[in-house]
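Accompanying notes for the structure given below.
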Amino acid sequence: MAPPEGSKRRKPRKRSKKRTSQSGACASPSPGRIPGEPLQGGGPVSVPSEVEVPKPVPLVAGHQQPNTPEKGSPQSLSPKKRTPQRSALSARLVKTGQPQPGVCATGPQQPETPKGGTSNVVLTKKSPLNGPVSKLGSAKADSPKPKSPNTKFSSPPKLGLPPEASENVITLEADAPLELPPQQQQTKVGSSKNQQSHRKPNSPQPTPAQDCILPPITTSQLLTLETLSSFIPVVGVEKANSLSDVKEQSTSLTKGTSDANFITLKSEGDKGIIMSETNKLDNLCNLLENIVIQHSGKEAMSNNTIKLPVAQTSQTITGPPPVKVPPSTTDSPPTTTSQHKGEKTKEEIECERKGRKEAKKAKKKGGEKAKSENDKENYKNINVENKKKESQEEKVMSMATNTQQIQPGDQQGQLQQHTKLSVALEGTDQSDAAGKSKADLKRERREKQEAQRQAKLAAKAKQEAEKQQKGQEEAHPSNNKIRLPQKKKKLEGEGLRRLKDRKSFSKGPSDRRIPLLGHLTPYSSQPPLLPVNCDTIHPAVRTLGLKMKDRIVDGSTARVVSTLAALKQFIHDYRTPESCDLSRDLAEKLLPNVAFLNGCRPQAIAMDNAIRFLKHKINSIEPNMPEAQAKDELRTAIDEYVQDNINLGSSTIASHAAMLIQDGDVILTFGYSALVIEVVEAACNVGRRVSVVVADTPYPPSGAAMVKILSALGVTTYYRLITDVTHIMHKVTKVVVEAEAVMMNGAVQGMCGTASLALAAVTHDTPFIVLCHTYKFCNNDLTDSLVVNELGDADRVVFCPSRDYCGLLVDWRQMQKLNVVSLVYDVTPACLVTALVTEQSVLPTSAVPVIIRRNYADILGQD
Amino acid sequence: MKSFDISAFFLKQIASDDDMSPAIAAMKALMESLRLDDSTTLQEFIEKMKDAREALSKTDVSVVSVSSGCELFLRFITLSHKELEQAADFASCREILLRRGEDFIKSMQESRRKILRSSNNLIKDGMVILTHSRSRNVLAVMTEAARQGRQFTVFVTESQPDCSGHRVADDLRAVGIPCTVILDAAVGYIMERVSAVMVGAEGVCENGGILNKIGSCTLATLAHMKNKPVYVLVESYKFIRTIPLNNSSLPKIYLHRASVLNSGSDLIREHPLVDYTPPENLTLLYTDLGVLPTSAITEHLIKLYT
């Protein structure tokens, strides 16, 4: 798996997941249907008689199966981590509203199955729904959350997914160890018989899942967590994506899923989501309105009935949507109406058939008939609606898939709608059906929704209120007034909590695209995700990646040296498989390691060059060379590379640069640079008396370390912030900085702030000397610092140490028009550079292409 | 060898031929010392050559081009290591070195003709050209243009402290080119009337900047300010592998004659001989390698020295 990187890469991920999900969907439905369908032959159209029984039952069965395996896999992987997870879960549960106890008490009907019980609770009372949903969702989503944003995606799809999706999930999960699911299923079955008994089993089910998901956060565990989270999101995405795909296939199940999404979308529209994606939402709302208009006749009545319970549920915003309220409300009711009416239609029959098939599958798998039946019923209902609205829904779905944020918000709406539907139509029977899958999905959706709500609320709470009031007044003036304040309060409270959670876990900046810098990998505080049991990445590389991520290894030279050391270890531990060419196989296996490093922190150009060198060496190994000899050659090549280019190069550069420094010079430098220290030391050794001014940035104040070292050398040192540069520039006789890389056109890439130093130097006609190893020369041209750069942690810019201003911008992410950017590099144009000191000689910037051509002709030619 | 005084020979060469560049004279002196050399090994020979070069750089002339020319000469004649290694004894080695030296000097003497060729269309009818100091290349180009019937006028700075501008004026008038001598301080006054500035150079730095008679920097800077092109006519053996960060970082042996340095007088009170013109103020370099932008110098230098 490619290491996940910023939001940009998320999209591709999704797509990839989509593909996988599609493939999974194709594969999964076949097995799922096979048990039920073999007699029927035609997938969707199955025996109607079977369908009849399950109708009343909600969707749960299919979902339960997938959920259990998911939960089981994490458990099996990390059983030791349960206790911390539990604590975290409990905390979250409390936050969400402690639905568990409430659920048990409130929903007597629902308790039949543990999973179903949760769903049932939801059906009966929305508050209980939220609770269990939140539990399940938190269990799944929580574990992923801390490490990756993917969880958001995962959760919604699960909720919306029909049994098919669950099947898909199972197939996907098969790789991971899945021991628990059967047990869970059994428990479920047993619980379904007795409601009370179900309640008890319920507690164990969620706990294992939670345990699995929330392991402690040691580094080693982090990896496992990452892996888990990666799986989970994948599953979720698959579901979500599969939904749209499945729709196309015209299977009833898929329709059900699409309905769920659709509903969620509606709910969002109702809520008047104030996300940054207001435009998309508007589009969705329009679609919904159209849909509503089409189905207005059926829907009108159902809405009112459903809305009241929804309004009662504090968390869900289901109540009357604002401007777009009428469509949304209408939408949700139509599902119910359609369910009733749809039984007669062919669509319903098809749905039932599918449901039966699923039920059969479920029986075979876990022996859970009741759940499957419930699922069937739910699906039927959903399917009927779906068919009617298919065209529009597809559009909506595409929109939803496109916009990640929209989906999560929709989840709650789905949950609510499902619950409403179940309450209105199915009653007790359906209560059993609410399977783990549904509950999980609901939870996930709720979480996502909450996150979205937070942002929305913070940004446009006022606007929402206005819209809602208007819409409610139009639609249901009496109900709306009462509902709105409650909802808002609850939402805000949750939003704050969620925000805190989010900040602690997530990478905020990646959520937003920064103008002009959208092409850069967003900063992520989390290391890239790894697949479970991933053995493609060498431990040394992992360690290094995390170190680079945490800036323990910083600076391009240090990164290059440590990267080569890690890769050397990797080569040392490498064994050529049978019937494989070392050079080819090694080059292939090198790729994921490099990708992981790149995912931890975008590669510096120097690293890129070093890795390119290594690849060139690997590729140039003759196929008939024995492995030991080849590895020896590679390791010695790495050693020589480090020795020649870096160790010897540094001392040579120092001696060259010392020749440029005259007695009495005042040298201005920027930040910490070991090379500059070496130059100053060399100049002192030659007998030059110099003083050094260290300009520094407040973050990170790396220059402080430099000052300490220099003063220890006995050099007169001044420490200033770079903002003071103009004050001292007229006293400075030379500016000496180290480059991160030098481009083909002579432009110098340095730590952010170097270019401003160069400008000041040129303004004062002070020589600007750049120190750079020739291995950092880059075969690209750069004219600005936007094209190639790295996004740093914007939070560190905001969290200033000053007491007076601390925390003023802590919530900058909620300010829609505010972007906080922390760029790591900048580019100094060649015309500002007086001389470039390399280990070869003192060169003008115009010599860079010559050096590149001469030194790297072999490697460059390869590319 | 001991009897041979390379410095005296070098000074005699310069005095004998006014048209000869000091660098060429230095090469010839090195050739002479090579011819009279009695070394028995290549290593000994190279050591002696270094001594000879040291001696030449201490002669009482402007040594910028001398040192660069000597370095290039020695580098070139010893460049063919293969040939030298295959030689049976040092006598045959010396034969090789002599042959290569002769070739090199010959090719270097050809360089002025190549510059004439490359700057063929540099001077056009009606141009007003400002020049500074006395450059043989500039004189040759102007003479050639006049021979081709181009009508142009020349302003020549007085070029203190040695007043070489007056000699230039005499030479130009001799070939029928209208010429006016102006004060060094009048460069700013005259610059707006000038269509191009032409100077020679004693040395070309790696970044394309030039070392030339004091006052060239003023000229080039003012021309740059007024957007007048500055053309430098220079042979490639004057390329130097250094980058002066600024004028104050120029080595003292470039700035002052050996006699001044040896006198122990306060250098602050002495007039420097040369200054450094940064490449930003130069337009093009007309060399025997072709017409080069300043940024191309480094490539040729890297080629020559590696």
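One N or O on the side chain of B/Arg100 and one on the backbone of B/Phe76 form a donor-acceptor pair closer than 3.5 Å. Although no hydrogens or angles enter the test, the distance criterion places a donor-acceptor pair under 3.5 Å between the side chain of A/Asn789 and the main chain of A/Tyr825.
With a 4.5 Å cut-off on non-hydrogen atoms, A/Ser841 touches chain B through its side chain but not through its backbone. Proximity to chain B is limited to the side chain of A/Ile769, based on heavy atoms less than 4.5 angstrom apart. Looking at A/Pro767, only its side chain comes within 4.5 Å of chain B, counting heavy atoms on both sides.
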Q.
Could you walk me through whether B/Glu299 and A/Arg853 satisfy the salt bridge (charged side-chain N to carboxylate O under 4.0 Å, His left out) test, starting with their C-alpha distance in whole Å, then the side-chain angles of each, then the deciding distance to 0.1 Å, before giving a yes or no?
A. CA-CA 11 Å; B/Glu299 182 175 359; A/Arg853 248 181 286 142; 3.4 Å; yes

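Under the 4.0 Å criterion applied to side-chain N and carboxylate O atoms, A/Glu740 and A/Lys776 are not assigned as salt-bridge partners.
Across B/Thr294, B/Asn207, B/Leu245, the residue that shares the most heavy-atom pairs under 4.5 angstrom with chain A is B/Leu245.
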